[in-house]
Structures are given as structure tokens and as C-alpha cells.
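All ligand and atom numbering here is 1-based and tracks the order in the structure. Just so we're clear, the structure is a prediction, and the values are computed from it rather than from any experiment.
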Amino acid sequence: MIIEPKVRGFICLTAHPKGCEQNVVNQIQYIQSKGPIEGPKKVLVIGASTGFGLASRITSAFGSQAATLGVYFEKPPQPGKPASAGWYNTAAFEAQAQEAGLYAKSVNGDAFSNEIKEKVIGLIQADLGQVDLVIYSVASPRRTNPNTGITHNSVLKPIGQSFTNKTVNFHNGVVSEISIEPATEEDIENTVAVMGGEDWKLWIEALKAADVLAPGALTVAYSYIGPALTEPVYRKGTIGRAKDDLEATASSITDTLKDLDGKAYVSVNKALVTQASSAIPVIPLYISLLYKVMKEQGIHEGCIEQMQRLFQQRLYTNGTVPTDEKGRIRIDDWEMREDVQAQVASLWAEATTESLPQLGDLEGYKTDFFNLFGFEVGGVAYETSVDEMVEIPGLA
Ligand code: NAI
Ligand code: NA
């Protein structure tokens, strides 16, 4: 079939297998161009099919020749109906990895469930014995707690008072004011239940109990801080409470891993266009201004550049892992540079529907958004019919 983008707000209902494949190939080539990393050898990536998780998997496999096991929640294709992007990304990744002689298998299902945890543990026992790195990169709007059966929905709201600021509809470039009412106590608890550290901890406890964590094993989850501009809706809002919880969970997991000499880290990453971040109000305008400034200064990075730097310059240096005073790894260092943030803040004050095309990188935002789904990728013949029924080689 010929596949075209079908956009509804901040999601795209279709994905292109060849475009997703090309994205994966481009990321693999980037990692290969940066040379080998003395990194992990057997890696479990939870949330492995898109964004930072996919980039972590590619970096592990093609940077340090690691066997990788991926977990994700993606929609398979049906005749005449394309799969979700993460499905095609994973199909392309596993084909490339297996061709390169690397173990690459995956499990498609709800990572929050006990059933999927058991399935993954069984696979590790059968195929790998133990893993030496666990990446936790799940981003989801809801979670069913397997022990209570309660489904929690996360919200993106400020806490304490309503928040009014600019936002952009990145499809038509219209800049407008948005007001968001403050969260209730229940909203906060639900968001922490979905995006906080509880499931990460449950994973590590289950893996440890099954003796599938290698001595010295590391585990890493991803967080975000961002500038004062976005604080009310991000770091000091409901999602920020979840990130506080995630960061606190890192030290509690480190305690759990003590006898293995293992360690848990949170890495604070840069703001990037992913399926998760396009859903957050205000953030797309911030990202389009940030991209403009960082590209002009030659310091812009995407998920793969961020993960390459995380592995090579933070996690696997043969020295101690550099962290901030709260024990967090910072690869948002370039985003948070004072000169970068000063420029973004002054552009923010000026941004209107009329001025944004000059002030910001709205085009870059849009391209990245379409790229997430395999569209507008260079070198792909979109006018040609493709087979939507792509299989994932290592799907267990
Ligand atoms: P993403 O939407 O690209 O990736 C989410 C992944 O989670 C996908 O692989 C998806 O299949 C998987 N997933 C979702 N629900 C699942 C479930 N129930 N079971 C199994 N897998 C499931 O998101 P992104 O942006 O890569 O986010 C990953 C982490 O990075 C999140 O913790 C996010 O807060 C954090 N982060 C994101 C930043 C950004 O600007 N995008 C910046 C800094 C941190
Ligand atoms: Na991810």
C-alpha cells in the first residue's frame, strides 16, 4: 500500500515502514561513526521501540556489540492498516542487529504487568543468563498497577495555581495563550503512579529475585528538568512530581543492588520531539526556540547523539560516573547552558504567530515530528507502494 501521514492533533495514526527503517539505519551509522564504546554486553531495554529507549538499544548493540532484549507496547500491522512506528523501528533494528551477528529479541506487551516481567525473565534465563545493563525508558499516559488492579491516568497540570503562558500549534504555527487549571491531589498521585519510579523498582526487584542481574549491573532511567519557563507545567507540575519520585527511586534501587555491587542512575536528558513530549502543552514552543538556538551554536543533538554521549562520556568511561550534587547524570548540560537559556528566554518573550517562523525552528520541530512516524525522511520513495505487513525478526 501507499502510506501517508494521518495526523490527529499531536499523534499520527499511520507509520511508514521504509521511513522508520531509514531512521534506524541512520542512527546505527551515527553510532558506528563514533567508534566503539567499552560498554555493556547484555542489555535489557524497557521502552525500547522509540525515542531514548530505541537510541539506547542502538547504542548498546552497535556501539559495544551488546546482545539486546527489548520490551515495548506497539500495534502490529493488519492488512491495509500500518503498524505503529515502534513496531517498524524494532523490525528494522532487529533485522540489522541479527545481520551483524548480534542477539536481538523482543517482547511486545504491557511492561507494567507481572506477566510481561515473567516472560522477559524467562527469556533472559533461556538465552542470556544475566544482563549487565537495564534501561528503563517507558513513557505512557496510563498504568494498571498489577498488585491493586487499579488503572492510573497521568495528567500534565501545574500544582497549586493555574498556569497561563504561550503555546504553539506546531501544525499551523499559531501561537496562543493557554491556561491550565491546577491539579488535584488525586491527579498528582495518579501521575506519580504512572511516571514515577514504582514500576522501575518492581522490574529490578523481579530481575534480582530471579538472579538474572550480573554482578556490577547498572540500571538507568530518564528524567527531565528544563528551565524556569516550563517549570509550572513540567518540573513543578504533576510530571515533575513523578520525576522527583523516579529520582528518589534511583537511590532506593541502588540500596537493593548493594550486594551485587550494582547501581541505579537517573540521566537528565535534553528536551526533544518524541511521541511523549509532543503531548505536553507549552513544551513544543520551547523546543522550537531551543532547537533554533542550539542549531545556530552547533550543539543540537537528537536522541541518538544524546545516548552516544551518555554511554561514552558518562556511564562507560572506566572512571567514576560524573553526576550533579543530587547524584543525577546530566546530558542536558548543553540545553541548560546559561547563554542558551538566556537566548531562548528573550526569543520566548518576542514569539508571536507572525514572528515565530523567523525566531524559532518550527520547521525543525515539524520535520522531527513527522520523522517519528517514518515520514519526511530523506531517501525514502513515498510514492512507491510498500508492504505494511512487516514482521519483527526477534519477536518472542
Ligand atoms: P517515547 O514515547 O518515544 O517512548 C516510550 C517507550 O515506552 C516506547 O518504546 C513505548 O513502546 C514504550 N511503552 C509505553 N507504554 C508501555 C507499556 N505499557 N509497556 C511497555 N512499553 C511501553 O518516549 P521518550 O520521550 O523516549 O521517553 C522515555 C523517557 O525519557 C521518559 O521517562 C521521558 O520522561 C524521558 N525524557 C524525555 C524527554 C523528551 O524531551 N522527550 C526529555 C528527558 C527525559
Ligand atoms: Na523510549
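With distances taken over non-hydrogen atoms, the option nearest atom 14 (C) of ligand 1 out of A48, A139, G47 is A139. Nearest to atom 2 (O) of ligand 1 by heavy atom, out of A276, A111, A55, A242, is A276. Looking at T50, D110, L372, I225, it is T50 that brings a heavy atom closest to atom 8 (C) of ligand 1.
Taking distance alone, with nitrogen or oxygen atoms compared against 3.5 Å, V71 stays at or beyond that limit from ligand 1. The N/O atoms of F73, backbone and side chain alike, include one that comes under 3.5 Å of an N/O atom in ligand 1. Polar contact with ligand 1: present for T274 (N/O pair, distance under 3.5 Å). Any N or O atom pair closer than 3.5 Å counts here, and M195 shares no such pair with ligand 1. At under 3.5 Å, not a single nitrogen or oxygen of S223, backbone or side chain, sits near a nitrogen or oxygen of ligand 1. No N or O atom of A271 sits closer than 3.5 Å to an N or O atom of ligand 1. Remark: ligand 1 and F52 share an N or O pair separated by less than 3.5 Å (distance only, no angle test). For ligand 1, none of its N or O atoms has an N or O atom of Y72 under 3.5 Å away.
Under the 4.5 Å side-chain criterion, counting only non-hydrogen atoms from C-beta, L54 is in contact with I58. Between Y316 and L218 there is a side-chain heavy-atom pair separated by less than 4.5 Å.
K41 contributes a side-chain N or O that, together with a main-chain N or O of S64, makes up a donor-acceptor pair within less than 3.5 Å.
Between D259 and K208, at least one side-chain N (NZ, or NE/NH1/NH2) sits under 4.0 Å from a carboxylate O, which counts as a salt bridge. Using a cut-off of 4.0 Å between Lys/Arg side-chain N and Asp/Glu carboxylate O, E247 and K326 are scored as not salt-bridged.
With ligand atoms numbered from 1 in the order given, ligand 1 contributes 10 (C), 11 (O) to contacts under 4.0 Å with heavy atoms of E74. Which parts of ligand 1 touch K243 is read off a 4.0 Å heavy-atom cut-off, strictly below it: atoms 31 (C), 32 (O), 33 (C), 34 (O).
I178 and L285 fall within a single hydrophobic cluster, where Ile, Leu, Val, Met, Phe, Trp and Tyr are joined by side-chain heavy atoms under 4.5 Å apart, directly or via other members.
In this structure, CD1 in I239 is found 4.5 Å from CE in M195, a value given to the nearest 0.5 Å.
Note: H16 and Y88 fail the aromatic proximity criterion, with ring centroids not under 6.0 Å apart.
For the ligand labelled ligand 1, residue S113 lies outside the 4.0 Å heavy-atom shell.
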